[in-house]
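Have a look at the structure below before the remarks.
Predicted model only: the values in this text are computed from it and were never measured. Proteins get letters first, then strands, A, B, ... in listed order; numbering begins at 1 in each.
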Amino acid sequence: MALSTQYDSKSVENKWYNYWMEHNFFHSEVDPNKEPYTIVIPPPNVTGVLHMGHMLNNTIQDVLIRRARLRGYNACWVPGTDHASIATEAKVVAKLKTQGINKNDLTREEFLKHAWDWTNEYGGVILEQLKKLGASCDWERTKFTLDDELYPQVIQTFVDLYNKGLIYRGYRMINWDPEAKTTLSDEEVIYEEKQGKLYYIKYPIVDSEEFLTVATTRPETIFGDTAICIHPEDTRYTHIKGKKVIIPVLNREIPIIEDEYVDMEFGTGCLKVTPAHDPNDKTLGEKHQLEVIDIFNEDATLNSFGLHYEGQDRFEVRKGFAKELQEKGFLIKEEVHTHKVGTSERTKAVIEPRLSDQWFLKMEDLVKPALKAVLETDEIVLHPKKFENTYRHWLENIRDWNISRQLWWGHQIPAYYYGDDKQDFVVAKNADEALKLAQKKSKNSALTLADLKQDKDALDTWFSAWLWPMSVFNGITDPNNKEFQYYYPTNDLVTGPDILFFWVARMIFAGYEYTDKKPFKNVYLTGLVRDKKRRKMSKSLGNSPDALKLIDDYGADGVRVGLLLSSAAGNDLMFDEDLCQQGKGFVNKIWNAFRLIKGWEVSESATQPKASKLALEWYEHRFNEVLISVDANFEKYRLSDSLMSIYKLIYDDFCGQLLEILKPAFGKPIDSTSYAQIIALLEDNLRILHPFVPFASEEIWQNIQERSPEEALIINNYPSTKETTPETSKILTDFNECIQVVTGIRRIRQEKNIAFKDTVSLQLCNHTKNSDRLYPILTKLCNLSKITEVAKAIEGAPSFRESGNEYFIPLQGLVNMEEELQKLKEELTYTEGFLKSVTKKLSNERFVANAPEKVVAGERKKLEDAETKITTLKNSIKALEA
RNA sequence: AAGUAAUUAGUUCAACGGUAGAAUAUUUCGUUUACACUGAAGAGGUUAUUGGUUCGAAUCCAAUAUUACUUACCA
């Protein structure tokens with residue numbers, strides 16, 4: 001059957017993916033005789049869909065895992081999804097709303113039922129999409145952060161850390177998301193520059209005609225004011241120290257306090273203090289023992305402290321109250337003011353700082369081994385290293401982690417309350433254990449299960465994700481199990497730098513806390529995928545191409561190559577579909593190279609041409625040379641460079657040179673020796689290409705000859721490098737010279753407009769070496785009638801020099817002499833200029849004295865060459881003019 | 001506001017202090033024998049700007065500009 005001139009990714013990709021799955025090639029089992037190579041996937045949100053970031057990230061992981069598999073490691077890539085509590089819960093709430101169901105009307109159990117229904121319907125779609133990309137995950141190991149195996153491990157971690165005294169319950173100022181009605185960790189708050197207003201408000205001073213003016217961006221919080229603060233050294237306000245002011249409209253008296261915290265330069269130098277709604281005001285309030293008045297409901301509407309604004313949203317109140325103040329003469333002016341406003345990462349709602357009882361994890365001690373491992377001992381290496389600084393900065397300034405969320409979709413906090421006092425609670429793995437503890441703690445043996453109330457809150461999603469490399473192997477609940485002992489620590493973690501703190505750093509804490517071991521050796525931080533305008537690709541901007549459509553258009557292999565060609569670790573990727581086009585073109589090129597070889601008729605009797613033998617020998621060494629650099633780049637996680645070397649090896653060396661030399665004359669067969677060798681070399685190409693281009697490489701591999709499943713490329717082996725010797729590098733330089741000469745001849749042919757069908761002859765002057773290697777290849781590639789060696793230069797004939805030899809192509813009057821003369825003169829001028837600059841350099845005594853000998857020798861050589869060239873050019877000009 | 005990095009061909013990126021290179025796009029000329037995704041060849045650059053160190057700077061130092069990220073936060 002004739003093979004198509006176009007590689008057809010669509011028909012090929014599913015076929016081989018199914019084949020690999022059928023034969024269980026992705027699956028890994030504990031095998032003490034093999035070294036493990038483990039990667040755990042950064043679990044995508046269970047309800048998510050594949051976007052460009054996932055594609056990049058998972059392509060990199062697949063390249064690493066496939067290469068490890070070929071190199072004989074027991075490669076294990078563990079896939080899974082994350083329950084993403086806040087994101088998923090928000091989606092479920094929104095969906096219920098469209099059905100007219102309000103979350104607040106449901107019980108926890110009813111709501112969770114809806115959430116599970118949703119998860120079962122949409123969950124795992126993204127994993128199916130990863131299959132399209134070619135991801136060779138061990139799907140039998142697929143995990144979900146909320147499933148029965150992982151849930152108890154999260155709970156046990158909480159209990160353990162509580163018992164160690166690292167988890168505590170505290171009344172603190174936290175980040176409140178009024179839309180999701182939950183707290184958020186500091187990392188989940190995104191500060192955005194927003195334009196607001198600065199309102200200047202008059203506060204009348206008690207027993208005085210005077211008033212203070214306070215500048216605020218949040219007039220609606222005035223209901224919670226409990227003081228006005230001035231700087232103790234502010235001379236503008238010396239005379240009113242110790243007095244009180246009246247809050248406008250509310251007519252409540254509050255004290256004027258002094259604190260150095262106040263910035264005299266900002267606004268009027270007077271700060272209104274609202275301890276319930278600002279972290280700094282809270283600190284001030286504690287210091288000066290101020291009353292704390294919480295004026296907001298959960299959804300950031302005003303509560304009864306808001307008087308006639310009760311029930312209105314904070315932003316409406318801001319407008320309405322400003323208007324009222326103005327009407328009553330208390331508002332002096334409004335200024336436009338840009339400032340940063342904290343918003344929820346998930347819901348985008350403006351964060352309301354709020355005081356509440358929450359669970360916290362102490363970070364101070366957990367952080368220490370994580371700092372050491374990355375910054376001192378290099379037990380864990382970040383690629384690229386530049387992220388170490390950000391990592392250090394964050395860890396050194398870390399605050400306690402708020403781990404409770406007022407959500408239902410997640411791991412319910414295993415704290416059980418049994419009494420009315422805040423301290424009447426115990427922490428335990430389950431209710432039965434909790435009961436025993438509670439009876440003991442309360443000294444009341446009459447307590448029953450019915451008296452226990454479990455904490456309603458769920459844990460932060462990252463509190464389960466940070467255990468991921470351990471929990472997927474049951475390492476928390478059963479640390480001695482064989483799998484955990486074998487696969488952990490894992491090798492590589494591939495993820496975006498945006499979750500360096502959310503996730504990567506925390507996994508490192510957890511790893512050391514639980515196992516005294518690092519969770520992984522290398523962290524490969526990909527760049528963000530951006531569009532041509534350098535904007536981050538995101539759903540809201542609508543600038544992210546449809547991942548599956550890309551695969552459809554360019555093939556998974558094409559997209560993989562496109563993504564990897566230009567994405568060094570840590571560098572953002574400016575995505576352009578042209579890259580995928582290039583990837584697709586590359587795959588097609590290999591396909592056609594295969595088609596060419598496959599189409600050759602093989603003859604047992606034909607003898608191997610000298611040129612073929614030389615070229616095959618050369619390619620073997622060239623391949624080895626490239627493989628050495630590919631391996632070195634992999635060591636440094638420079639995947640793009642690895643791929644580019646392979647790209648050029650196949651495009652230029654294999655297709656451009658080797659196949660052109662081997663190609664038999666039209667209608668003639670190829671000798672069987674060359675054929676066997678070219679097939680072997682093609683197979684080696686496919687082996688190193690497979691991690692990047694899994695589908696097409698397997699397709700070609702299987703088309704070369706019939707293979708049993710055990711012979712599939714995916715589980716074949718990786719070529720090993722050979723040592724280079726002076727002999728091998730001589731072969732490489734000699735061939736390189738051939739190519740230079742070929743290029744020289746072609747250039748002259750083109751410059752002189754000599755049609756390809758016309759043969760030319762070649763004359764070599766001062767010939768010293770190499771005819772054995774040179775002549776067969778020149779004859780094959782350059783359509784030469786004859787090659788002659790001459791002792792003396794042929795004046796006037798076009799020429800070039802290569803490795804000490806001079807090459808001439810006599811043209812027998814086919815050339816326009818005047819144009820020729822012009823060109824030669826231009827070249828002479830240029831070379832003389834070049835000579836001048838080199839001479840200048842060499843006459844600089846300080847250069848000759850200080851520069852290394854090698855460099856000076858190089859310059860001398862240049863000088864010499866330029867002088868020779870000038871002589872030759874002058875002679876040629878003379879000959880033409882004559 | 002501070003910290004970190006980046007700034008090189010139209011574009012995406014390379015380049016131990018020693019003549020700035022690839023890939024791609026573009027241009028020209030080819031192709032009856034794998035490759036509407038083929039072959040060959042040219043063109044392209046004051047390496048963001050200004051100083052400094054050095055015999056010599058894209059590279060090291062300082063400042064400036066722009067961009068991105070991270071952290072912090074001003075009422």
Side-chain angles (χ1 to χ4, degrees), chain A residues 3 5-7 186 191 198-199 214-218 221 229 261-263 265-274 278-281 337 339-340 342 384 386-394 396-397 497-498 500-501 527-528 530 532 534 536 558 565-568 570-576 578-579 581-600 638 640-641 644-645 647-648 651 655-656 659-660 663-668 742-743 746-751 753 755-756 834 837-838 841 844-852 854-856 858-859 862:
Chain A
L3 298 168
T5 60
Q6 294 295 303
Y7 171 73
D186 294 342
Y191 286 88
L198 200 53
Y199 301 84
V214 172
T216 179
T217 53
R218 302 199 61 191
T221 61
C229 190
Y261 165 74
V262 174
D263 177 0
E265 305 290 311
F266 189 89
T268 59
C270 296
L271 168 73
K272 70 185 205 57
V273 187
T274 322
D278 183 279
N280 298 305
D281 291 14
H337 177 69
H339 59 146
K340 297 229 175 173
K386 71 177 180 189
F387 284 106
E388 284 184 0
N389 284 318
T390 1
Y391 179 85
R392 178 204 308 273
H393 187 259
W394 186 73
E396 284 176 350
N397 295 285
D498 47 336
L500 183 60
F501 306 135
L528 291 170
R530 318 181 83 93
K532 278 181 171 175
R534 294 189 166 259
K536 189 173 168 177
L565 267 178
S566 155
S567 53
N571 281 6
D572 287 356
L573 172 69
M574 306 305 151
F575 182 76
D576 187 335
D578 287 353
L579 287 170
Q581 185 56 49
Q582 193 183 344
K584 187 180 174 182
F586 178 51
V587 173
N588 201 53
K589 180 80 181 174
I590 307 158
W591 172 250
N592 276 291
F594 161 69
R595 222 161 52 83
L596 173 70
I597 298 170
K598 187 79 181 166
W600 285 336
R638 297 177 66 145
S640 298
D641 293 335
M644 186 49 87
S645 330
Y647 181 96
K648 282 196 264 191
Y651 230 108
C655 297
L659 289 184
E660 288 304 321
K663 198 189 271 185
F666 188 55
K668 297 269 171 61
V742 168
T743 304
R746 283 176 179 165
R747 196 183 59 236
I748 288 170
R749 291 187 80 113
Q750 182 160 337
E751 275 172 14
N753 271 326
F756 190 74
F834 179 73
S837 77
V838 177
K841 206 175 208 180
N844 179 344
E845 278 173 34
R846 288 199 291 182
F847 170 75
V848 179
N850 293 324
K854 213 168 72 184
V855 177
V856 180
E859 291 299 317
K862 272 185 236 165

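- The side-chain hydrogen bond (donor to acceptor under 3.5 Å, both in side chains) check on A:Asn592 picks up A:Arg595, with sequence neighbours excluded.
- Taking only side-chain nitrogens and oxygens, A:Arg638 never comes nearer than 4.0 Å to OP1 or OP2 of B:C13.
- Comparing the same atom, P, in B:U7 and in B:U59 gives a spacing of 11 Å after rounding to whole Å.
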inquiry  = side chain to side chain contact (heavy atoms under 4.5 Å, CB included) for A:Leu659 and A:Ile597? Distances and angles first, verdict last.
reply    = CA-CA 8 Å; A:Leu659 289 184; A:Ile597 298 170; 3.9 Å; yes
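- Checked by distance alone, A:Gln6 brings no side-chain donor or acceptor within 3.5 Å of a matching partner on the base of B:C35.
- For the pair A:Ala593 and A:Leu579, nearest-nucleotide mapping onto RNA chain B gives the more 5' position to A:Leu579.
- Taking the ring centroids of A:His337 and A:Phe266, they lie under the 6.0 Å cut-off.
- At the heavy-atom level, A:Tyr391 lies nowhere under 4.0 Å from the strands shown.
- Residues passing the side-chain hydrogen bond (donor to acceptor under 3.5 Å, both in side chains) test with A:Asn588, sequence neighbours excluded: none.
- In terms of the ring-ring contact (aromatic ring centres under 6.0 Å, His included) criterion, residue partners of A:Tyr651 (sequence neighbours excluded) are, by chain and number, A:Tyr647.
- Looking at residues two or more places apart in sequence or on another chain, you find no salt bridge (Lys or Arg N to Asp or Glu O under 4.0 Å) involving A:Asp278.
- B:A58 has its base anti relative to the sugar, with a glycosidic angle deviating from 0 by more than 90°.
- Here B:A36 presents its P atom at 12 Å from CD of A:Gln581, a figure rounded to the nearest Å.
- Residue A:Tyr647 is classed as a sugar-phosphate contact, given heavy-atom separations below 4.0 Å to backbone atoms only.
- When the P atom of B:C35 is taken as reference, atom CG of A:Asn592 falls 6 Å away, rounded to whole Å.
- Across B:A57 and B:U47, the matching C1' atoms stand 11 Å from one another, rounded to whole Å.
- The line from OG1 of A:Thr221 to NZ of A:Lys272 is 2.5 Å long, rounded to the nearest 0.5 Å.
- If you check every strand for non-hydrogen atoms under 4.0 Å, A:Arg392 touches nothing.
- Comparing the same atom, C1', in B:U12 and in B:G51 gives a spacing of 32 Å after rounding to whole Å.
- Across all their heavy atoms, A:Gly269 and A:Val262 have their closest contact at O-CG1, 3.3 Å.
- B:G42 has its base syn relative to the sugar, with a glycosidic angle deviating from 0 by at most 90°.
- Rounded to whole Å, atom C1' of B:A34 lies 9 Å from atom CH2 of A:Trp600.
- A straight line from CZ of A:Phe586 to P of B:U12 spans 23 Å, rounded to a whole angstrom.
- For A:Arg595, the listed nucleotide lying nearest its side chain is B:C35; candidates were B:C35, B:A14, B:A23.
- Between B:C37 and B:C61, the two P atoms lie 47 Å apart (nearest whole Å).
- Atom CG of A:Leu500 and atom P of B:U4 are 17 Å apart (whole Å).
- Within the nucleic acid shown, A:Cys655 comes within 4.0 Å of at least one base atom, counting heavy atoms only.
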Return the polar atom pairs (N/O with N/O) between nucleotides 70-75 of chain B and the protein under 3.5 Å, or none.
unit_1, atom_1, unit_2, atom_2, d
B:A72, N6, A:Lys340, NZ, 3.3
B:C73, O3', A:Asn280, ND2, 3.4
B:C74, OP1, A:Asn280, ND2, 2.8
B:A75, OP1, A:His339, ND1, 3.2
B:A75, OP2, A:His337, NE2, 3.4
B:A75, O5', A:Thr217, OG1, 3.1
B:A75, N6, A:Asp263, O, 2.5
B:A75, N6, A:Phe266, O, 3.0
B:A75, N1, A:Asp263, N, 3.2

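- The CD-C1' distance, from A:Glu660 to B:C35, rounds to 11 Å in whole Å.
- Atom name P, nucleotides B:U38 and B:A25: the rounded distance is 8 Å, in whole Å.
- Within the 4.0 angstrom heavy-atom criterion, base atoms lie near A:Lys584.
- In this structure, A:Phe387 atom CZ and B:A68 atom P are separated by 16 Å, rounded to whole Å.
- Annotation: B:U27 and B:A63 have their P atoms spaced 46 Å apart (nearest Å).
- Judged as a side-chain hydrogen bond (donor to acceptor under 3.5 Å, both in side chains), and not counting sequence neighbours, the contacts of A:Trp394 are A:Glu187.
- Distance noted for atom C1' between B:A23 and B:C29: 22 Å (whole Å).
- Under the salt bridge (Lys or Arg N to Asp or Glu O under 4.0 Å) criterion, A:Lys589 pairs with no residue at all, not counting sequence neighbours.
- Taking atom NZ of residue A:Lys589 and atom P of nucleotide B:U24, one finds them 11 Å apart after rounding to whole Å.
- Remark: RNA chain B takes part in the stems B:1-7 with B:65-71, B:10-13 with B:21-24, B:27-30 with B:38-41, B:48-52 with B:60-64, each of 3 or more antiparallel Watson-Crick or G-U pairs, criterion distances under 3.5 Å.
- For the P atoms, the distance from B:A62 to B:U19 is 26 Å, rounded to whole Å.
- Under the rule for a ring-ring contact (aromatic ring centres under 6.0 Å, His included), the partners of A:Tyr7 that lie at least two apart in sequence or sit in another chain are A:Trp591.
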